[in-house]
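Everything numeric in this text was worked out from a predicted model, so none of it was measured.
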Amino acid sequence: MSATSATPQAGLGVTMLGLGAMGDALASRLLGVGHDVTVWNRTPGRDTKLVERGAQAAATVAEAVVAHPLVVACLLRHPSVHQALDPVVDELRGRTLVNLTTTTPDEARELADWASQHDIAYLDGAIMAVPAMIGTPGALVFYSGSQTLFDQHRHLFDSWATSVYEGPDAGMASLVDLAMLSGMYQMFAGFFHGAAMVGSEGMTASEFAARQTPFIQAMTNGFAEYAAVIDAGDYTAPGQQSLEFSDLTHIIRASDEQGVNPSTLAAVQALISQQIDAGHGSEGLARAFESVRSVKGGRPAGGAA
């Protein structure tokens with residue numbers, strides 16, 4: 001279901017805890033599609049525009065959580081969830097908590113356990129969007145934990161974004177979210193490094209971006225091919241660029257020659273070197289995955305496939 005086509009479930013009220021930029025956007029969207037919304041924020045004064053549009057302002061967390069059976073938290077990191085909700089745990093009993101606060105996977109699992117211990121239905125969520133994207137098809141929100149809760153409130157979730165259920169492990173939504181952000185930030189770091197290299201001789205970052213953008217767009221088409229190799233665990237299959245050919249020391253030397261910090265690229269080279277040193281230099285570049293993979297996967301990092 002498109003985020004732009006969702007309509008409210010009849011009579012459903014929602015409590016929104018946290019009115020930062022994202023919390024405000026979520027609450028605003030709920031009002032826009034006809035939900036009754038009660039809002040609370042630790043810092044007073046951020047609810048003015050929402051109240052003008054029909055939201056009910058709660059003076060305390062306790063007042064907020066008892067207003068509706070469904071409570072959504074969009075706070076600042078994991079500790080703030082406990083700071084806000086531990087004092088009102090009795091008021092939360094028997095209610096549903098959807099936590100959209102950014103957490104690590106283990107923090108999400110801890111909150112799920114905490115909720116279960118206190119008879120609070122819990123669903124974790126991770127938002128893959130900026131506030132301006134809420135209510136548009138381009139926004140994504142991942143959910144994990146109780147599928148029953150996800151299905152029950154799916155219509156509401158779809159008013160915010162395209163909703164994706166990631167399974168019963170409460171930490172999975174966070175894990176997918178942070179993994180995708182990891183790829184994004186490391187891509188940006190690569191761009192910053194490249195811009196610094198050419199910038200050392202006067203090329204502007206804008207000029208470099210005009211060249212780099214179509215190249216990176218083309219290279220992302222290779223994700224599926226690398227993924228197929230990784231999933232098969234066969235780094236000797238024909239047609240792969242070898243680790244030895246992928247040695248990046250010449251780019252690192254060029255960075256040094258230009259007085260540019262090569263640390264981002266050196267980190268990638270370290271992954272490649274680990275596999276070469278282990279005797280896998282003739283195998284495909286995708287084998288660098290073995291240098292970072294989780295030991296939970298069954299094969300030790302850097303070990304034989």
Checklist entry - Between Lys49 and Glu52, is a salt bridge (Lys or Arg N to Asp or Glu O under 4.0 Å) present by the stated rule, with each step listed? => result CA-CA 5 Å; Lys49 291 183 178 180; Glu52 289 174 351; over 6 Å; no
Donor-acceptor list for residues 203-212 side chains, cut-off 3.5 Å, not counting sequence neighbours:
from   : atom 1 : to     : atom 2 : distance (Å)
Thr204 : OG1    : Glu207 : N      : 3.0
Thr204 : OG1    : Glu207 : OE1    : 3.2
Glu207 : OE1    : Thr204 : N      : 2.9

Item to check | Worked check of salt bridge (Lys or Arg N to Asp or Glu O under 4.0 Å) between Asp106 and Arg109 | outcome: CA-CA 5 Å; Asp106 278 353; Arg109 294 171 186 130; 2.7 Å; yes
Sidechain-backbone polar pair: [X] side chain, [Y] backbone, donor-acceptor under 3.5 Å:
X	Y	value
Arg95	His68	yes
Ser246	Ser242	yes
Thr15	Ala67	no
Arg46	Asn41	no
His250	Asp247	yes

Next on the checklist: If you apply the rule salt bridge (Lys or Arg N to Asp or Glu O under 4.0 Å), what do you find for Asp151 with Arg154, and how did you get there?
Outcome noted: CA-CA 5 Å; Asp151 292 340; Arg154 174 71 182 270; 5.5 Å; no
Checklist entry - Have Asn99 and Thr101 got a donor and an acceptor in their side chains that come within less than 3.5 Å? => result yes
Item to check | Exercise: do Arg77 and Thr103 side chains pair donor with acceptor under 3.5 Å | outcome: no
Next on the checklist: As an exercise, state the distance from CD of Glu110 to CD of Glu107, rounded to the nearest 0.5 Å.
Outcome noted: 8.0 Å
For residues 188-200, which side-chain N or O atoms pair as donor and acceptor with protein atoms under 3.5 Å away, sequence neighbours left out?
from   : atom 1 : to     : atom 2 : distance (Å)
His193 : NE2    : Ser255 : OG     : 3.0
Ser200 : OG     : Met197 : O      : 2.5
Ser200 : OG     : Gln258 : NE2    : 2.8

Item to check | Close aromatic pair by centroid cut-off 6.0 Å: Tyr165 and Phe150 | outcome: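 Centroid separation for Tyr165 and Phe150: below 6.0 Å.
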Item to check | Audit row: Ser163, Asp158, side chain to side chain donor-acceptor pair (under 3.5 Å) steps and yes/no | outcome: CA-CA 6 Å; Ser163 306; Asp158 284 339; 2.8 Å; yes
